[in-house]
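Working notes, structure below.
Residues take their numbers from the sequence shown, with the count starting at 1. Both backbone and side-chain heavy atoms feed into the values below; hydrogens, waters and symmetry mates do not. For clarity, every value in this text was computed on a predicted model and none was experimentally measured.
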Amino acid sequence: MAEPSGDHVNEATGPPRAGWPTLVLLLAACYAVAAVGGLAAADAGQTYRALAKPSWAPPGWLFGPVWTVLYGTIAVAGWLVLRRSAGGHAVAMTLWSVQLALNLAWTPLFFAADAYGLAFVDICLLLVALTATVAAFGRRQRAAAVLLLPYTAWVVFAAALNLSIWLLNT
């Protein structure tokens, strides 16, 4: 009998499926991205307040709670793909990793380097990688793709905000 909390063999498919330890690892990876971003932009709140922003820009306090939820959904989406898949998920999880790396790069570009144009290029690449991830996840596990839709919407909004800030502050 398989351990309920670990990776286990699925009788129907054979190979091990991702269990709770895998979810914890994915959550740790996503929240590590958040932590590194936080370190790279220790004065992000002050920087954000000082920027010229469009009238529709959200207050700075909103970003922390939104990203906390989104990073959780990113991890769970990856876990669902690994859990559902009996192998063959390499492309989907590679795309997941690429979008997470592009996500990681954005904060230092925008806040630490004040490179708003490069940050905009990065977030556009993130959106491409994220769209590809949603498509790949949708082929493997529909719920995983659906979990990434709020993240995708937020990245579209963030890209528009990034572009507006870049234009207003150059």
Side-chain angles (χ1 to χ4, degrees), residues 1-41 44-45 48 58-111 119 122-162:
M1 178 129 101
E3 299 253 346
S5 63
D7 292 354
H8 58 279
V9 174
N10 181 325
E11 298 294 326
T13 59
R17 291 185 359 179
W20 293 108
T22 302
L23 176 58
V24 170
L25 181 65
L26 294 174
L27 285 166
C30 288
Y31 288 116
V33 167
V36 170
L39 291 173
Y48 185 73
W61 62 264
L62 184 63
F63 293 96
V66 167
W67 278 112
T68 299
V69 171
L70 292 177
Y71 281 124
T73 63
I74 294 165
V76 171
W79 180 67
L80 288 174
V81 166
L82 290 173
R83 187 161 174 76
R84 173 77 180 256
S85 301
H89 51 263
V91 171
M93 291 309 293
T94 298
L95 289 167
W96 183 90
S97 299
V98 167
Q99 66 78 27
L100 198 60
L102 289 165
N103 182 313
L104 173 64
W106 184 87
T107 302
L109 286 171
F110 191 89
F111 287 109
D122 176 81
I123 204 167
C124 289
L125 292 172
L126 168 57
L127 192 54
V128 170
L130 182 53
T131 301
T133 304
V134 170
F137 277 25
R139 287 189 291 275
R140 304 208 60 79
Q141 169 51 281
R142 184 168 299 258
V146 170
L147 275 174
L148 292 179
L149 295 180
Y151 174 38
T152 305
W154 185 258
V155 171
V156 168
F157 174 77
L161 182 59
N162 185 154

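When all heavy atoms of L95 and A136 are compared, the pair lying nearest together is CD1-CB, 3.9 Å. Here the closest non-hydrogen pair linking T133 and A92 is CG2-O, 4.4 Å. Contact record, A75 with L27: CB-CD2, 3.5 Å, taken as the closest heavy-atom pair. In this structure, A34 and Y71 approach most closely via the heavy-atom pair CB-CE1, 3.5 Å. Taking both residues in full, the closest heavy atoms of L26 and G78 are given as CD1-C, 3.7 Å, listed atom of the first, atom of the second, then distance. Nearest heavy-atom pair across W106 and A119 is CD1-O, 3.2 Å.
Partners of L149 by side-chain contact (heavy atoms from CB on, under 4.5 Å), not counting sequence neighbours, listed by chain and number: V134. Considering only residues two or more places apart in sequence or on other chains, A77 meets the side-chain contact (heavy atoms from CB on, under 4.5 Å) condition with F137, A144, L147, L148. With sequence neighbours excluded, the residues satisfying side-chain contact (heavy atoms from CB on, under 4.5 Å) with P58 are Y48, L62, F63, F157, L161. Here Y31 pairs with nothing under the ring-ring contact (aromatic ring centres under 6.0 Å, His included) rule; sequence neighbours left out. Partners of A158 under the side-chain contact (heavy atoms from CB on, under 4.5 Å) rule, at least two apart in sequence or in another chain, are I123.
Checked against D122 for a side chain to side chain contact (heavy atoms under 4.5 Å, CB included), the options N162, L104, L109 give a single hit: L109.
Checked by atom type and distance alone, the side chain of W96 pairs as donor or acceptor with a backbone atom of I74 at under 3.5 Å.
Evaluation of the side-chain hydrogen bond (donor to acceptor under 3.5 Å, both in side chains) test over residues 142-160, restricted to residues two or more places apart or in two chains, returns Q99-Y151, N103-Y151.
Between the CZ atom of R84 and the NE2 atom of H89 there is a distance of 14.0 Å, given to the nearest 0.5 Å.
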